Amino acid sequence: MKVVSNIAELRALLGKWVGNSSSIGFVPTMGALHKGHLSLISRSIKENDKTCVSIFVNPKQFSPDEDFDIYPRDLDQDILTLDGAKVDLLYVPRLEEMYKPGSLTVITVPVIGDILEGVYRKNLFSGVAMVVAKLLIQVGPHRLYLGEKDYQQLCVIRQMVDDLDISTDILACATIREKDGLAISSRNVRLSDQQREVAPLLHQTLLEAAEAFDNTGDELVTAENSTRKLVERGFDKVDYFSICDGLTLGAIGPKTENIRILAAAWLGNNRLIDNIALSTILTRTAGGNNN
Ligand code: PAF
């Protein structure tokens with residue numbers, strides 16, 4: 001595996017591969033790699049001639065009160081993991097390479113980026129949009145692999161790629177879960193034993209909400225009941241529990257077919273997010289009822 005840390009080296013290598021008509025798959029990460037990342041990487045390896053992975057803990061997507069300083073980092077272990085996974089190229093840009101002093105451009109994706117996570121994490125999506133746009137311009141991949149675990153991030157990046165006419169296909173990959181249903185995340189290492197026991201109940205509550213919504217067709221009451229249930233089950237605070245249109249993440253309309261349930265809840269200082277698709281396509285009336 002080649003490891004590069006500047007744009008010139010990156011472009012030289014990728015230019016050679018593209019010149020030989022190789023297709024390039026790209027998996028952007030912030031490191032602390034886990035089974036979720038590896039599932040994106042193995043799909044990219046299957047579907048492309050060459051796979052490039054980036055590791056960059058992007059300061060722009062953290063607000064000052066968030067966990068940038070203590071975000072898990074283990075570059076040596078990550079390099080071993082990626083080498084073992086047969087990745088072709090690892091790009092580890094330096095901070096000053098990514099954000100040159102004096103740069104002024106900002107990218108924001110309003111509306112879809114302002115709701116849900118955007119309400120609680122003010123810098124998240126402008127930071128994600130900026131770094132992913134830059135990485136896509138630098139790497140120029142044919143395919144970009146993103147996990148559904150960060151479902152709103154996926155929607156924001158789709159919108160940004162479409163708005164900016166970036167000619168990369170986006171492939172959404174299913175969330176990888178522990179046996180008990182907990183969505184795998186780099187931040188799970190911070191859960192105490194007791195929090196780790198409660199954590200899978202987030203997924204469990206999403207599944208129960210899907211069933212309740214399927215029966216009643218009432219997204220607001222289902223969300224309210226689910227929020228209460230999460231607190232009863234040991235979560236300290238629920239930022240949101242939303243049953244919404246899976247494309248816009250806004251309110252469900254009578255014709256919405258793609259429905260998503262997303263939630264964010266706290267266990268002590270740890271904030272967990274998760275989401276599921278509502279697989280059943282409901283035939284609902286304009287009032288939002290499926291009776
Ligand atoms: O999901 C992540 O790890 C990050 O938000 C991403 C997409 C690599 C951008 O920094």
Side-chain angles (χ1 to χ4, degrees), residues 5 10 24-41 43-44 51-63 66-75 77-78 81-82 85 87 89-95 97-99 105-109 112-113 116-118 120-141 143-162 164 166 168-177 183-190 262 264 271-275:
S5 60
L10 177 79
I24 311 291
F26 178 49
V27 183
T29 81
M30 297 207 297
L33 301 174
H34 51 62
K35 283 187 261 175
H37 297 113
L38 290 176
S39 76
L40 307 182
I41 290 166
R43 182 159 170 205
S44 172
T51 288
C52 172
V53 173
S54 65
I55 295 181
F56 180 67
V57 185
N58 173 33
K60 281 199 193 291
Q61 69 190 71
F62 293 78
S63 297
E66 290 180 357
D67 58 350
F68 174 72
D69 290 334
I70 55 159
Y71 191 83
R73 290 166 171 88
D74 192 348
L75 185 57
Q77 179 55 52
D78 287 347
T81 303
L82 294 173
V87 164
L89 171 60
L90 170 61
Y91 178 40
V92 193
R94 282 186 286 268
L95 184 63
E97 185 82 10
M98 194 54 83
Y99 299 120
T105 303
V106 288
I107 302 181
T108 53
V109 187
I112 197 161
L116 302 172
E117 287 297 288
Y120 297 92
R121 301 190 60 195
K122 293 289 177 206
N123 293 348
L124 177 61
F125 292 125
S126 54
V128 165
M130 184 67 178
V131 80
V132 174
K134 284 176 74 82
L135 286 166
L136 290 177
I137 290 166
Q138 292 168 5
V139 175
R143 299 189 185 91
L144 169 68
Y145 293 83
L146 295 171
E148 288 189 342
K149 159 78 169 51
D150 295 300
Y151 189 77
Q152 189 176 5
Q153 166 172 283
L154 169 69
C155 297
V156 166
I157 293 173
R158 270 204 185 115
Q159 180 77 44
M160 182 270 293
V161 162
D162 192 39
L164 298 182
I166 297 174
T168 296
D169 290 336
I170 298 181
L171 286 306
C173 305
T175 302
I176 303 297
R177 299 182 180 280
I184 292 184
S185 156
S186 303
R187 290 179 167 108
N188 288 351
V189 292
R190 293 201 214 122
L262 302 95
R271 188 168 179 278
L272 273 62
I273 60 168
D274 200 351
N275 70 88

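Not measured: the values here are computed from a predicted model. As the structure lists them, so they are numbered: ligands from 1, and atoms in each ligand from 1.
Close approach of ligand 1 to Val131 is summarised as follows: ligand atoms under 4.0 Å from at least one heavy atom of the residue are 9 (C), 10 (O).
Between the side chains of Gln159 and Asp162, no donor N or O sits under 3.5 Å from an acceptor N or O.
Cation-pi geometry between Arg121 and Phe68 is not satisfied (NZ or CZ under 6.0 Å from the ring centre, within 45° of the ring normal).
Protein heavy atom closest to atom 9 (C) of ligand 1, with residue, atom name and distance, is Gln61 OE1, 3.4 Å.
At least one side-chain heavy atom of Tyr99 sits under 4.5 Å from a side-chain heavy atom of Met130.
Taking distance alone, with nitrogen or oxygen atoms compared against 3.5 Å, Gln153 approaches ligand 1 more closely than that limit. For ligand 1, none of its N or O atoms has an N or O atom of Thr29 under 3.5 Å away.
Salt bridge absent: Asp67 and Arg271 never bring a charged side-chain N and a carboxylate O closer than 4.0 Å.
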